[in-house]
Each structure stands twice: as structure tokens, then as C-alpha cells.
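Read the numbers this way: they start at 1 and go in the same order the structure lists the ligands and their atoms.
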Amino acid sequence: MQAELVLDTRCGLGEGPVWDEREGWLYWVDIMAGRIHRWRPGTAAQEAMETQEPVGAAALREGGGLVCALQSGFAVAARFGSALEPLACYEGASPELRMNDGKCDTAGRFWAGTMAFDFRPGAGALYRLDPGGAVTRVLDGVTISNGMDWSADGTRMYYIDSPRRTVDVFDFDAAPGAIANRRTVIEIPEEAGVPDGMTLDAEGRIWVALWGGGAVRCYSPEGKLEEVIEVAAPQTTSCCFGGADFDVLFITSARDGLSEEQLAGAPHSGGVFAVRPGARGRAMGRFAG
Ligand code: CA
């Protein structure tokens, strides 16, 4: 199966798609450009807002607006395009680190992790931002904190630390937002690329974007490979389900790390791609703060 280019945005590091099922917008970030994009699929409505520093991820707030994982910490915007207000720093913040991928859980908390600009092993961590603004470091020794999602029943959290080349799963205790009992559910073979962002569908299947792999792979909840979606952008970064029926898989991509020759061969790198893979997603969590 092949994904189609739907928006030729040529992002340097397009990442973190988020579907707003209330208003019909697709959001995503261009991390190093410090920019949050949104687009109403099927229309010409497209906007961007600047974050003034690298933005690893953005998520919707329950009451409107956005919560963001900036290089320096967490910030909120009352609405798209309005000024970002700092909300909380994270322990260990430094100019050598930045926040990376993030997502909201079903209880309205925003989770985002960090990485070193030089990819130093173990320099990153995973953090949980509670609605009241408290930040908790929930996992240490992370190298490139990346995709995550929660099972529909709220008992498991899936997580990718990219250089491990695995998708891991934790037992998730939703009331305190605690994770425990880490184990590996998927191992990505070297020739397939590096696991980056991910999403679960309504049946609990695991859709993993592959940096350097030009593809999104779908695995059963048990970790069996079921489908490969080809993407005409080698640096495939992340994916989410959206559209009126949650049956469209939107896929982000990047131009970073590609040579002139590679870009000539994959000119739409950095664009947004989409496919109807015969699966459905579900509404993403929203930040309750
Ligand atoms: Ca990523």
C-alpha cells in the first residue's frame, strides 16, 4: 500500500500529527523551525504559528488552544496563533537538550520526552505534565524519546526510544499516571529504518513511522507485522488517524538528514502524506490544564 502526498509543505523536520475531530484540523510541528502548522484537509485553509524555539510536539487542550513541548519546557497557547505562555520547566533542562515527541493520555496529562542535540546516549528522559502544571520525570536514561500512545482500555502505554529499535510497552496505571514493567513488543530490523512516531488504531494495532525507512508499518497488538505503507519520503516521522470517520492515516515526514541527491529522488520529503489503510483510529487525548 502506498501513501499519497496531500500537502507539499517541505518541512525540515515535520513531526507529531494531531487530529482535531471537533474542528477538522490536522496539526503538526516543524521542530527545528519552531513552527506549528495546521490544515483543514480538503480545503485551502492552512496556517502556521511561530514558537520562537524548537518545538518537539504540540497537543490540543480540552478548553481550546494548545499545549507545547518547547526546547526549554512546557508552554500553552490560549488559541492557535496567540502568544505562548510558559507553564513549567523540566528537571535537567539545558541548552544541550530539547524536548521531542509528546502526546496526551486519556486523563488529560501531557507526556513528552527529551533528547540531546548530539544524540548522547541516555541524556534524555520522559516527563509527565499534569493539568495543574506539575512535571514528573517518569523515565530516565532515554536517548531519543519518541512516539507513544495508550491502549483504549488505558492499561498499557507504548513507547519508542528510537536507538533501541524497539516499541516497548509498560503497564499503565491511569489514576496516578504511573508506568511499570517495561518489555519489548516489536523489534524493528535494521534494514526497515528507525522507529520514530507511532499511533494505535481502534483495534489496538500499532502503526510505527520509520525514519530512514520511507514507510509506516502496522503490527498486531502482539507485535506481528501486518501491513507496510510505503511513503515517498525516506524520513517518515510520525502518523495519526483523522478525517471525519477516523479512517485516514496522516503521515508526516522530514527533509533533515537527506543529501541533495536523496532529495532529488524524494522531492516531496517534508510533506504530509495520507492513506486509507482499512483501519480506524480514535480521538486523541486533550490536555486538561
Ligand atoms: Ca519523532
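In this structure, Phe74 and Phe110 have perpendicular ring planes: the angle between them is above 60°, well past the 30° mark. Using a 30° and 60° split on the angle between ring planes, Tyr90 and Tyr127 fall in the tilted class, from 30° to 60°.
For Glu15, the N/O/S atom at the shortest distance from the Ca ion (ligand 1) is named OE2. Between the Ca ion (ligand 1) and the N, O or S atoms of Asp196, the shortest distance is to OD1.
Between Thr184 and Asp168, the side chains place a donor N or O and an acceptor N or O closer than 3.5 Å (distance only, hydrogens not considered).
Put simply, Asn146 gets within reach of the Ca ion (ligand 1), with an N, O or S atom under 3.0 Å from it.
Using a 4.0 Å cut-off between a side-chain N of Lys or Arg and a carboxylate O of Asp or Glu, Asp130 and Arg128 qualify as a salt bridge.
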